[in-house]
Amino acid sequence: MNHDTRLQEGFSGQRLMVLPRTIISGFLSTDPVTRHVYITDIGYYPKARHHYAERPEGIDQHIIIYCTDGSGWLELDGKVITLSASQFIAIPAWTAHRYAADKLKPWTIYWLHFKGDASDFVVDLILKNSEDYKPHLSFDDHRVKLFDEICRHLEKGYSEDTLRYVNMIFSHFLSSLIYENKFSRAEQSEDDLLAKIIRYMQSKINSTLKLNELASCVNLSQSHFSAIFKAKTGHSPIEYFNQLKIQKACQYLSFTNMPVKEIALNLGIADQYYFSRMFTRMMEVSPTLYRDKNRA
């Protein structure tokens with residue numbers, strides 16, 4: 001391919017929005033809602049034949065490229081990476097890179113540039129969960145609708161309300177990339193171990209559970225089960241079960257006149273004072289004060 005035929009933009013059906021730099025340096029970087037993470041450029045390139053970009057010094061924004069069809073390649077930190085359908089890549093700011101669509105099956109990509117006080121941390125989260133910069137991402141129509149919603153509103157102009165709204169959507173879009181297992185409907189299976197055990201906990205909310213009973217429910221050893229559960233939730237199984245109990249207690253306190261002792265018994269806790277201590281530790285307020293505040 002001759003260098004002359006390479007294109008940075010100009011594809012049939014494309015969408016492209018570059019926000020005015022005065023808005024970026026003014027409103028977006030200072031507003032309490034948007035300044036943490038905000039879009040600076042956004043676009044959609046379908047079947048982007050001859051698409052090519054090269055930035056030897058990188059740029060002052062982070063880049064995300066989400067490929068939904070075809071393929072392309074990127075050179076990042078001296079490493080050549082192939083990007084295919086259902087994959088996305090995050091390119092950190094000030095990182096030298098170049099990329100191009102495949103000659104035979106050019107990629108279809110959704111892409112955006114972003115900045116903000118929390119943007120470095122967001123990119124670190126993405127890279128932490130990825131392998132060779134390119135996490136796999138199953139196609140989800142809802143994610144594409146989020147992207148389209150951002151573009152649709154930006155095409156109407158840059159009022160302060162519009163800028164806040166689209167960047168709130170953008171935060172949701174980012175969360176769909178970082179925490180796909182929570183976002184994607186395809187991953188929310190009834191057979192999922194975590195979903196199964198949480199349903200079991202909820203069905204036993206009025207009783208006492210032991211670790212061996214929970215592990216047996218999913219046919220795992222106690223140690224293996226505990227390790228998997230904590231990796232997915234950040235809490236041990238018994239801690240999580242107690243959190244569900246306190247969540248239920250909050251509902252009783254808010255919506256019923258049930259005495260605290262009776263609430264404890266309904267949650268499988270015979271000792272009212274133990275229940276009160278556990279509630280106060282998690283909620284930083286006693287059950288009685290919690291009820292009074294919510295009633296007020």
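Closest of all the heavy-atom pairs between Leu163 and Val166 is O-CG2, 3.5 Å. Between Leu154 and Tyr158, the closest heavy-atom pair is O-CE2, 3.9 Å. Smallest separation of non-hydrogen atoms from Leu214 and Ile197: O-CD1, 3.3 Å. Of all the heavy atoms in Ile238 and Lys210, the pair that sits closest is CD1-C, 4.3 Å. Closest non-hydrogen pair, Thr162 versus Gly157, comes out as CG2-O, 3.6 Å. Here the shortest heavy-atom pairing between Leu76 and Ala90 reads CD2-O, 4.4 Å.
With Tyr252 as the aromatic partner, Lys248 meets the cation-pi criteria of under 6.0 angstrom to the ring centre and within 45 degrees of the ring axis.
Checking each of Tyr45, Phe147, Phe88 against Tyr110 for a ring pair (Phe, Tyr, Trp, His ring centres under 6.0 Å) leaves exactly one that passes, namely Phe147.
Between the Ser276 side chain and the Tyr273 main chain, no donor and acceptor come within less than 3.5 Å of each other. Side chain of Thr280 to main chain of Arg277: no donor-acceptor pair is present (N/O by atom type, distance under 3.5 Å, no hydrogens or angles). Between the Arg49 side chain and the Pro106 main chain, no donor and acceptor come within less than 3.5 Å of each other. Not a single donor-acceptor pair under 3.5 Å links the side chain of Asp31 to the backbone N or O of Phe27.
Here the straight-line distance linking atom CE of Met258 with atom CG of Leu265 works out to 10.0 Å at 0.5 Å rounding. Remark: His113 NE2 to Thr40 OG1 distance equals 6.5 Å, nearest 0.5 Å. Remark: Asn266 CG to Thr256 OG1 distance equals 8.5 Å, nearest 0.5 Å. A distance of 7.0 Å separates CG in Leu28 from CD1 in Ile23, rounded to the nearest 0.5 Å. With values rounded to the nearest 0.5 angstrom, Asp292 atom CG is found 8.0 Å from Ser286 atom OG. The distance from the CD1 atom of Ile198 to the CG atom of Leu244 is 7.0 Å, given to the nearest 0.5 Å.
Residues Pro237 and Lys230 fail the side-chain proximity criterion, which asks for heavy atoms closer than 4.5 Å. Counting heavy atoms from C-beta outward, Phe225 and Ser216 have side chains that stay 4.5 Å or more apart. Side-chain atoms of Asn242 and Met282, non-hydrogen and from C-beta on, do get closer than 4.5 Å to each other. At a threshold of 4.5 Å between non-hydrogen side-chain atoms, the residues Leu194 and Phe229 count as touching. No side-chain heavy atom of Ile63 sits under 4.5 Å from any side-chain heavy atom of Phe114. Using a 4.5 Å cut-off on side-chain heavy atoms (C-beta onward), Ile59 and Lys115 make no contact. A heavy-atom distance below 4.5 Å is found between the side chains of Pro92 and Thr95. Between Lys204 and Ser207, the closest side-chain pair of non-hydrogen atoms falls below 4.5 Å.
Ion pair Arg21/Asp41 flagged as a salt bridge, since at least one NZ, NE, NH1 or NH2 atom sits closer than 4.0 Å to an Asp/Glu carboxylate oxygen. Between Arg15 and Glu155 there is a salt bridge, since at least one side-chain N of the basic residue sits less than 4.0 Å from a carboxylate O of the acidic one.
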| What's the verdict on side chain to side chain donor-acceptor pair (under 3.5 Å) for Arg35 and Ser29, showing C-alpha distance, side-chain angles and the deciding distance? | CA-CA 4 Å; Arg35 65 184 176 86; Ser29 63; over 6 Å; no
| side chain to side chain contact (heavy atoms under 4.5 Å, CB included) between Ile39 and Ile150, worked out | CA-CA 10 Å; Ile39 297 166; Ile150 292 171; 3.7 Å; yes
| message | Between Lys245 and Ile269, is the side chain to side chain contact (heavy atoms under 4.5 Å, CB included) condition met? List the steps. | response | CA-CA 10 Å; Lys245 286 180 180 287; Ile269 303 172; 4.2 Å; yes
| task | Output, in order, the C-alpha distance, side-chain angles, deciding distance and verdict of side chain to side chain donor-acceptor pair (under 3.5 Å) for His36 and Asn167. | result | CA-CA 10 Å; His36 302 292; Asn167 282 292; over 6 Å; no
| message | Applying side chain to side chain contact (heavy atoms under 4.5 Å, CB included) to Leu74 and Leu83, what does each step give before you reach the verdict? | response | CA-CA 7 Å; Leu74 301 96; Leu83 193 69; 3.8 Å; yes
| query | So Glu149 and Tyr165, side chain to side chain donor-acceptor pair (under 3.5 Å) or not? Walk me through it. | reply | CA-CA 10 Å; Glu149 180 81 348; Tyr165 178 66; 2.8 Å; yes
| field | His172 and His142: CA distance, side-chain angles, deciding distance, side chain to side chain contact (heavy atoms under 4.5 Å, CB included) verdict | value | CA-CA 11 Å; His172 187 29; His142 183 44; 4.0 Å; yes
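Note on Leu209 and Ile205: same hydrophobic cluster, where clusters join Ile, Leu, Val, Met, Phe, Trp and Tyr whose side-chain heavy atoms are under 4.5 Å apart, directly or indirectly. Met17 and Tyr44 fall within the same hydrophobic cluster, defined by Ile, Leu, Val, Met, Phe, Trp and Tyr side-chain heavy atoms under 4.5 Å apart, directly or through other members. Residue Met168 is not grouped with residue Leu174 when hydrophobic side chains (ILVMFWY) are merged at heavy-atom distances under 4.5 angstrom, including chains of intermediate members. No continuous path of hydrophobic side-chain contacts links Ile42 to Val33 [ILVMFWY only; heavy atoms under 4.5 Å]. One hydrophobic cluster, built from ILVMFWY side chains closer than 4.5 Å, holds both Tyr179 and Leu127.
Ring geometry, His235 versus Tyr240: the interplanar angle falls from 30° to 60°, so the pair is classed tilted. Ring planes of Trp107 and Tyr99: tilted class, angle from 30 to 60°.
Under the rule for a side chain to side chain donor-acceptor pair (under 3.5 Å), Asn212 has no partner lying at least two apart in sequence or in another chain.
Ring pair Tyr38/Phe170: centre-to-centre distance not below 6.0 Å.
Of the N and O atoms on the side chains of Tyr52 and Glu54, at least one donor lies less than 3.5 Å from an acceptor on the other residue.
At most 12 non-hydrogen atoms from other residues, nucleotides or ligands lie less than 6.0 angstrom from CD of Glu284.
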